Amino acid sequence: MQRVTPQDANAVISADDFAQTVVNWQRQHGRNDLPWQQHNDPYHVLVSELMLQQTQVKTVIPYFQRWLEQFPTFTALANADEQEVMACWQGLGYYRRARNLQAAAQKVVADYQGTMPQAMEELREIPGVGPYTVGAIRAFAFDAPAAIVDGNVKRLLGRLFTLPYVVNKSTHDKYFWELSEHYTPTVNNRRFAQGLLDLGATVCKPRQPTCELCPLQKVCCAYQQDCVEDYPKREVKARIPTRPGHFCLDINGQGVVLEQRPADGIWPSLWSLPECKEAPQGKPLTRFKHTFSHYKLDGHVWVTSLPPSDRPRRRIEPEHLANIGLPAPIRKLLEQLNWDEVCQIQL
DNA sequence: GACGCGTGGTC
DNA sequence: TGACCAAGCGT
């Protein structure tokens, strides 16, 4: 594979020109009214960055606003009840992020008196904060020099320099970081980082990029070679498997019995219908399908008596489901159930 | 370095 | 409809 070094890239556009171009474009055309941009508060930045991991801006906005109302400060979040934390995150996915975020708040309170550290080595020790988020916190909260590499940056660099690096695996990440660090300025870091993300999200988009609006069009290798559609390079992924799942609905008594899922695996720490490995004795009620990032769930719902379990269980009235952290498809399922009909079923 | 981990939008 | 995609991280 042909490597593209920072020196190679610099021959296409210098670091100073690149930073100036991105910063000037961001000032005129970037996004400057997102909810988490209004105060540059380190807590707001941390909350938004964890929510935004693998999640689109539009999806995050209402969650971010509810979160700040319920947990307005590091201290409030650190002292919050874990079940309330999970309930506030429900539906956003990647639930480990919620636990990481609370653990992060607890660490900032315990180790740094509630003030977010600025040093890369210290930030990296915070739960849920990886290489990308270190840079994002430094740039957005402190306007400090910091490289970032995310999907937007990989796509933009991949096209700008027609890089042979694949973006949907970590194989070539170190080369992307090398280039990103080369192009990271020492001033205007907040606007520069925001500009990279804005360019990737609004111009250099995955599909139908609007190259006619791009400030880098004249130097973009892919555009000049009329091969923007061929970049960034990605590896063809294998088809994801389908797995069955059996969920138990107990109708003896009022409401529905929910069970807290283990801290590992899918839907960690959320409440859900008790799941069993094989089809239980009982009557099939309905089926549902759900697609995860790595497999498809073929869900079977059974009206049945419950198998024994060591995990916490609770009986919930249908009208009280709103305040409990439920997986999105389970919530949808329970909301659509005709309870009168279900209660008529005889085992 | 590979894999596990959600959900909703888009074409 | 299936496939792709999104401000990645932890193990």
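The model shown is predicted, which means the values in this text are computed figures rather than measured ones. Below, chain A is the first sequence line, B the second, and so on; all start at residue 1. Keep in mind that the numbers below use all heavy atoms, side chains included, and drop hydrogens, waters and symmetry copies.
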For [X], answer base if it contacts any base atom (sugar-phosphate contacts may also be present), sugar-phosphate if it contacts only those atoms, and nothing otherwise; contact means non-hydrogen atoms under 4.0 Å.
{"X": "A:Gly200", "value": "nothing"}
{"X": "A:Trp36", "value": "base"}
{"X": "A:Val153", "value": "nothing"}
{"X": "A:Leu50", "value": "nothing"}
{"X": "A:Ser293", "value": "base"}
{"X": "A:Leu101", "value": "nothing"}
{"X": "A:Arg99", "value": "nothing"}

Separation of [N] [atom2] from [X] [atom1] (nearest whole Å):
{"X": "A:Gln54", "N": "C:dG10", "atom1": "CD", "atom2": "P", "value": "13 Å"}
{"X": "A:Ile61", "N": "C:dA6", "atom1": "CD1", "atom2": "P", "value": "18 Å"}
{"X": "A:Glu49", "N": "C:dC9", "atom1": "CD", "atom2": "P", "value": "9 Å"}
{"X": "A:Ile240", "N": "C:dA3", "atom1": "CD1", "atom2": "C1'", "value": "9 Å"}
{"X": "A:Phe64", "N": "C:dA7", "atom1": "CZ", "atom2": "C1'", "value": "13 Å"}
{"X": "A:Met51", "N": "C:dC9", "atom1": "CE", "atom2": "P", "value": "16 Å"}
{"X": "A:Lys289", "N": "C:dG2", "atom1": "NZ", "atom2": "C1'", "value": "13 Å"}
{"X": "A:Asp150", "N": "C:dC5", "atom1": "CG", "atom2": "C1'", "value": "13 Å"}

Could you verify whether a donor N or O on one side chain and an acceptor N or O on the other, from [X] and [Y], lie under 3.5 Å apart?
{"X": "A:Trp271", "Y": "A:Gln83", "answer": "yes"}
{"X": "A:Gln53", "Y": "A:Thr133", "answer": "yes"}
{"X": "A:Gln224", "Y": "A:Gln217", "answer": "no"}
{"X": "A:Gln26", "Y": "A:Asp198", "answer": "yes"}
{"X": "A:His182", "Y": "A:Asn10", "answer": "yes"}
{"X": "A:Arg191", "Y": "A:Asn188", "answer": "no"}

Review point. Measuring from A:Tyr63:OH to A:Trp89:CH2, what's the distance to the nearest 0.5 Å?
Key: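 Here the interatomic distance stands at 10.0 Å.
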
Review point. Rounded to the nearest 0.5 Å, how far does CD of A:Glu259 lie from OG of A:Ser272?
Key: 8.5 Å

Review point. Which heavy-atom pair separates A:Ala322 from A:Gln90 by the least distance, and what is that distance?
Key: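 Smallest heavy-atom distance, with atoms named: O-NE2, 3.2 Å.
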
Review point. Which atom pair, heavy atoms only, marks the closest approach of A:Glu235 to A:Asn168?
Key: O-ND2, 2.7 Å

Any salt bridge linking [X] with [Y]? Criterion: basic side-chain nitrogen under 4.0 Å from a carboxylate oxygen.
{"X": "A:Glu335", "Y": "A:Arg331", "value": "yes"}
{"X": "A:Glu178", "Y": "A:Arg3", "value": "yes"}
{"X": "A:Asp298", "Y": "A:Arg243", "value": "no"}
{"X": "A:Asp250", "Y": "A:Arg315", "value": "yes"}
{"X": "A:Asp173", "Y": "A:Lys154", "value": "yes"}

Check your understanding: Where each residue is assigned the nucleotide of DNA chain B containing its nearest heavy atom, which of A:Gly93 and A:Lys58 is assigned the position nearer the 5′ end?
Key ->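 By nearest-heavy-atom nucleotide position, the 5'-most residue is A:Gly93.
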
Point to revise | Residue whose closest nucleotide on DNA chain B lies nearer the 5' end, A:Arg243 versus A:His290 | key: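 Of the two residues, A:Arg243 wins.
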
**Study point:** Along DNA chain B, first and last positions that approach a heavy atom of chain A under 4.0 Å
**Key:**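 Going 5' to 3' along DNA chain B, contacts run B:dG4 to B:dT10.
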
Exercise for review: Look at the side chain of A:Arg96 against the base of C:dC9 and say whether a donor-acceptor pair falls under 3.5 Å; ignore hydrogens and angles.
Suggested key: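 Answer is yes: a donor-acceptor pair is held.
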
Let's see if you get this right: which residues in [range] place a heavy atom under 4.0 Å from DNA chain C?
{"range": "residues 164-177 of chain A", "result": "none"}
{"range": "residues 257-273 of chain A", "result": "none"}
{"range": "residues 120-127 of chain A", "result": "A:Arg124, A:Pro127"}

Practice item. Only pairs at least two apart or in different chains count here, so list each salt bridge (charged side-chain N to carboxylate O under 4.0 Å, His left out) that has a residue in residues 87-99 of chain A. Key: A:Glu82-A:Arg99

Review point. Mapping A:Arg207 and A:Arg31 to their closest nucleotides on DNA chain C, which lands nearer the 5' end?
Key: A:Arg207

Point to revise | Co-membership, hydrophobic cluster, residues A:Trp302 and A:Ile345, 4.5 Å side-chain | key: no

Exercise for review: Indicate the ring-plane relationship of A:His290 and A:Trp267, choosing parallel, tilted or perpendicular according to the 30° and 60° boundaries.
Suggested key: tilted

Review point. With respect to the side chain of A:Asn100, which nucleotide from C:dA7, C:dG10, C:dC5 is positioned closest?
Key: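 When the side chain of A:Asn100 is considered, C:dG10 is the closest of C:dA7, C:dG10, C:dC5.
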
Review point. Given the C1' atoms of B:dA2 and C:dA7, what is the spacing between them in whole Å?
Key: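 It comes out at 23 Å once rounded to the nearest Å.
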
Point to revise | Sub-4.0 Å heavy-atom contacts from residues 132-144 of chain A onto DNA chain B, ordered by number | key: none

